[in-house]
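Structure first, commentary second.
Computed from a prediction, not measured in an experiment: that's the story for all the values here.
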Amino acid sequence: MRSLFLAFLALPLLATAQDKPVFKAGAATSNITPPLSMEIVGNFAPRPLAKHVHDELHVRCLVLDDGTTKLAFAVADTISLGRDVWDEAKKKLEAATGIPAANMMFSGTHTHSSVSAITNKDPSLDYRSFIISRVVDGVRRALNNLEPARIAWGTGKVPQHVFNRRWLLKEGVTNDNPFGGKDRAVMNPSSLLRPRLAGPAGPTNPEVYCLSVQAADGRQIALMANYWLHYVGGVNKEDLSADYFGEFCRRIEEKAGAPCVGILANGPCGDVNNNDYSGKTPAVKREPYEKIKLVAGDLAQEVLRVRETLKHQDWVPLKAAASDLELGVRRPTPEMIAWAESVLAKPKDATPTHRLEQPYAERTLAARDAKPDTVQAVIQAFRIGDLGIASIPFEVFTEIGLEIKARSPFKDTFTIELANGSNGYLPTPKHHDLGGYETWLGTNRVEREASVKITARALEMLERVK
């Protein structure tokens with residue numbers, strides 16, 4: 001009788017234990033290397049055709065499940081993908097898996113040694129359809145790999161590889177832009193400009209964010225990082241390459257062991273690259289891919305160090321929110337249109353006033369004729385326990401990401417750029433006043449106040465998932 005009574009008392013405890021949600025995670029990769037002979041994008045014309053694959057391009061996928069909510073990440077080795085591409089992949093995934101599109105945060109790394117996903121006239125080179133199918137397959141395979149897991153996050157620092165590439169000119173000094181105007185800030189200044197420089201026009205973020213996901217037995221399922229640095233380059237011009245993003249992932253996977261998936265999502269770095277224009281860093285002639293390996297090696301080493309300090313949790317709550325933000329499309333003034341038409345009317349052998357006047361004259365007229373008058377930008381936020389992640393479909397200036405981090409309701413926050421779309425550079429109004437490449441019409445496509453509206457909406461989304 002006593003044993004039956006004790007067994008009866010234990011029933012609620014057993015039921016409670018069985019009802020406790022189990023945190024799960026799964027990861028996978030899909031190869032998205034395009035065929036050779038496609039045009040490599042990332043630079044002004046003439047653009048080379050791909051003749052060699054230095055290293056394969058991938059989409060790297062991670063799915064998290066707290067028992068109620070699933071979140072899906074996909075990070076693709078591509079310069080960027082338009083919203084239409086990501087939306088089609090999400091639509092297929094939502095139909096196949098039931099995961100809401102708002103719970104999918106998909107982004108491009110911004111390697112400049114990739115190709116465009118715009119539908120090609122040659123059906124055999126329809127990279128758009130191919131990459132959509134591989135993203136869908138990658139996320140579905142990550143779902144198939146779901147298993148009980150634990151999760152942790154933290155930050156490290158790799159300051160030696162981030163430099164603001166926009167420099168202010170000294171008071172009274174200006175630099176010519178393609179439109180016949182004058183700028184107070186210049187991107188990637190030459191050594192000839194160095195005596196005229198006053199200092200960097202903005203900050204950098206030295207931090208690297210680390211999200212570690214392990215199986216219940218301690219195996220590393222995925223190690224995801226977020227670092228705010230443009231592509232590194234130093235790639236043979238006719239090579240396809242995932243740049244330092246791919247090299248970082250290979251290093252992580254090698255050190256963490258199979259079946260770990262390394263993932264590197266790019267953060268707000270629209271004004272940051274790996275070149276020090278202060279003159280303080282000695283110039284070193286490097287072999288192709290040498291600098292990529294240096295940056296990726298240092299980054300992987302720090303992420304692995306941070307991982308060893310983390311205390312993984314058996315369960316954390318997950319939440320997602322997304323919102324469309326309508327932004328006005330930037331239009332050229334009548335004076336700019338007249339300038340563009342005069343540039344394009346010049347004889348082909350005429351000496352240009354500015355080396356980039358022709359491409360920007362073409363972009364000016366394209367901006368005049370672009371439809372519709374607004375764009376819908378997806379602004380998104382994820383909650384992973386006490387970690388907040390925002391995403392923005394632009395090349396975002398670092399100070400915007402730092403403001404979101406400082407004002408976030410979460411103790412830990414980072415931002416992923418070029419997520420769920422690609423709408424050009426996102427300078428602040430202050431930088432619009434300074435001018436420079438990232439602010440030029442055709443490089444920047446949306447209204448002057450866009451960064452203010454996006455920051456406010458990103459913070460609103462973070463509050464919604466808190």
Side-chain angles (χ1 to χ4, degrees), residues 29-34 36 38-44 47-60 73-81 106-117 127 131 134 158 160-163 165 187-188 204-205 208-209 223-254 261-276 284 286-303 395-396 398 416-419 422 425:
T29 66
S30 282
N31 192 310
I32 59 169
T33 307
L36 297 180
M38 289 192 71
E39 186 178 75
I40 294 176
V41 297
N43 296 297
F44 289 98
R47 291 169 171 166
L49 301 181
K51 293 185 178 180
H52 179 63
V53 178
H54 175 269
D55 53 285
E56 304 276 3
L57 310 185
H58 293 86
V59 58
R60 299 171 181 275
F73 293 93
V75 180
D77 292 323
T78 176
I79 188 167
S80 62
L81 290 173
F106 295 170
S107 61
T109 60
H110 200 58
T111 172
H112 271 225
S113 302
S114 59
V115 306
S116 171
Y127 188 60
I131 200 169
R134 299 306 288 151
V158 188
Q160 66 269 31
H161 294 304
V162 286
F163 302 93
R165 71 182 191 178
M187 179 193 76
N188 297 343
T204 61
N205 180 13
V208 57
Y209 303 92
L223 198 52
M224 178 176 174
N226 173 253
Y227 190 51
W228 299 13
L229 172 66
H230 241 71
Y231 75 102
V232 170
V235 174
N236 291 329
K237 67 178 182 178
E238 295 172 342
D239 285 3
L240 293 167
S241 172
D243 207 274
Y244 84 100
F245 310 98
E247 181 67 19
F248 166 86
C249 294
R250 286 189 291 276
R251 302 260 182 137
I252 290 295
E253 291 162 2
E254 178 184 329
V261 174
I263 305 173
L264 180 55
N266 210 346
C269 62
D271 54 346
V272 171
N273 66 17
N274 189 235
N275 302 315
D276 182 5
V284 178
R286 299 189 183 277
E287 295 298 316
Y289 301 98
E290 182 182 354
K291 203 172 188 183
I292 282 173
K293 292 178 181 178
L294 174 64
V295 174
D298 288 348
L299 193 60
Q301 182 179 354
E302 178 67 353
V303 168
E395 291 187 66
V396 183
T398 289
I416 297 174
E417 73 166 22
L418 288 173
S422 175
Y425 279 89

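Checking side-chain atoms of S107 against main-chain N and O of L418 turns up no donor-acceptor pair under 3.5 Å. Checked by atom type and distance alone, the side chain of D77 pairs as donor or acceptor with a backbone atom of H58 at under 3.5 Å. Of the possible donor and acceptor atoms, none in the side chain of S114 sits under 3.5 Å from a partner among the backbone N and O of T78. The backbone N or O of I263 sits nowhere less than 3.5 Å from a side-chain atom of R60 that would complete a donor-acceptor pair. One N or O on the side chain of E417 and one on the backbone of V396 form a donor-acceptor pair closer than 3.5 Å. Side chain of E253 to main chain of G262: a donor-acceptor pair is present (N/O by atom type, distance under 3.5 Å, no hydrogens or angles). With hydrogens and angles disregarded, no donor-acceptor distance shorter than 3.5 Å links the side chain of E395 to the backbone of C269. In this structure, N205 contributes its side chain and W228 its backbone to no donor-acceptor pair below 3.5 Å. For the pair D243 (side chain) and V232 (backbone), a donor-acceptor distance under 3.5 Å is present.
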* To do: Assess whether side chain to side chain contact (heavy atoms under 4.5 Å, CB included) is satisfied between D271 and T398, documenting all intermediate values.
  => CA-CA 7 Å; D271 54 346; T398 289; 3.5 Å; yes

* Asked: Given H110 and H112, is the ring-ring contact (aromatic ring centres under 6.0 Å, His included) satisfied, shown in steps?
  -> CA-CA 6 Å; H110 200 58; H112 271 225; 4.7 Å; yes

* Would you please test R165 and D276 for side chain to side chain contact (heavy atoms under 4.5 Å, CB included) and show each step? => CA-CA 8 Å; R165 71 182 191 178; D276 182 5; over 6 Å; no

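At a threshold of 4.5 Å between non-hydrogen side-chain atoms, the residues F163 and V272 do not count as touching. With contacts defined as side-chain heavy-atom distances shorter than 4.5 Å, the pair F248/V303 qualifies. Between L299 and E302, every side-chain heavy-atom pair lies at or beyond the 4.5 Å cut-off. Looking only at side-chain heavy atoms (C-beta outward), N274 and V295 come within less than 4.5 Å of each other. Residues I416 and N226 are in side-chain contact: their nearest non-hydrogen atoms beyond the backbone lie under 4.5 Å apart. Counting heavy atoms from C-beta outward, V53 and L36 have side chains that approach closer than 4.5 Å. Side-chain contact between D298 and H161: present, with at least one pair of heavy atoms (C-beta onward) separated by less than 4.5 Å. In this structure, V115 and L240 have side chains that are in contact, with non-hydrogen atoms separated by less than 4.5 Å.
Residues T109 and L264 approach most closely at CG2-O, 3.9 Å, considering heavy atoms. Between T111 and A242 the shortest heavy-atom distance is OG1-C, 3.8 Å. Considering all non-hydrogen atoms of both residues, A265 and M224 come closest at CB-CE, 4.0 Å. What you find for Y289 and S241 is that their closest heavy atoms are CE2-OG, 3.8 Å. Among all heavy-atom pairs drawn from A117 and I131, the shortest one is CB-CG2, 4.4 Å. Taking all atoms of both residues into account, the shortest heavy-atom contact from S113 to V235 is OG-CG1, 3.4 Å.
The CG atom of L81 sits 7.5 Å away from the OH atom of Y127 when rounded to the nearest 0.5 Å. Rounding to the nearest 0.5 angstrom, the gap separating the CD atom in E287 from the CG atom in N236 is 10.0 Å. Here OG1 of T33 is found 4.5 Å from CG of L57. Values are rounded to the nearest 0.5 Å. Separating the OH atom in Y244 from the OH atom in Y227 is a distance of 7.0 Å, to the nearest 0.5 Å. Taken from NZ in K237 to CG in L49, the straight-line distance is 11.0 Å, to the nearest 0.5 Å.
Around the CD atom of Q301, the shell of radius 6.0 Å holds no more than 12 heavy atoms that belong to other residues, nucleotides or ligands.
A salt bridge links R250 and E247; the closest N-O separation between the charged side-chain nitrogens and carboxylate oxygens is under 4.0 Å.
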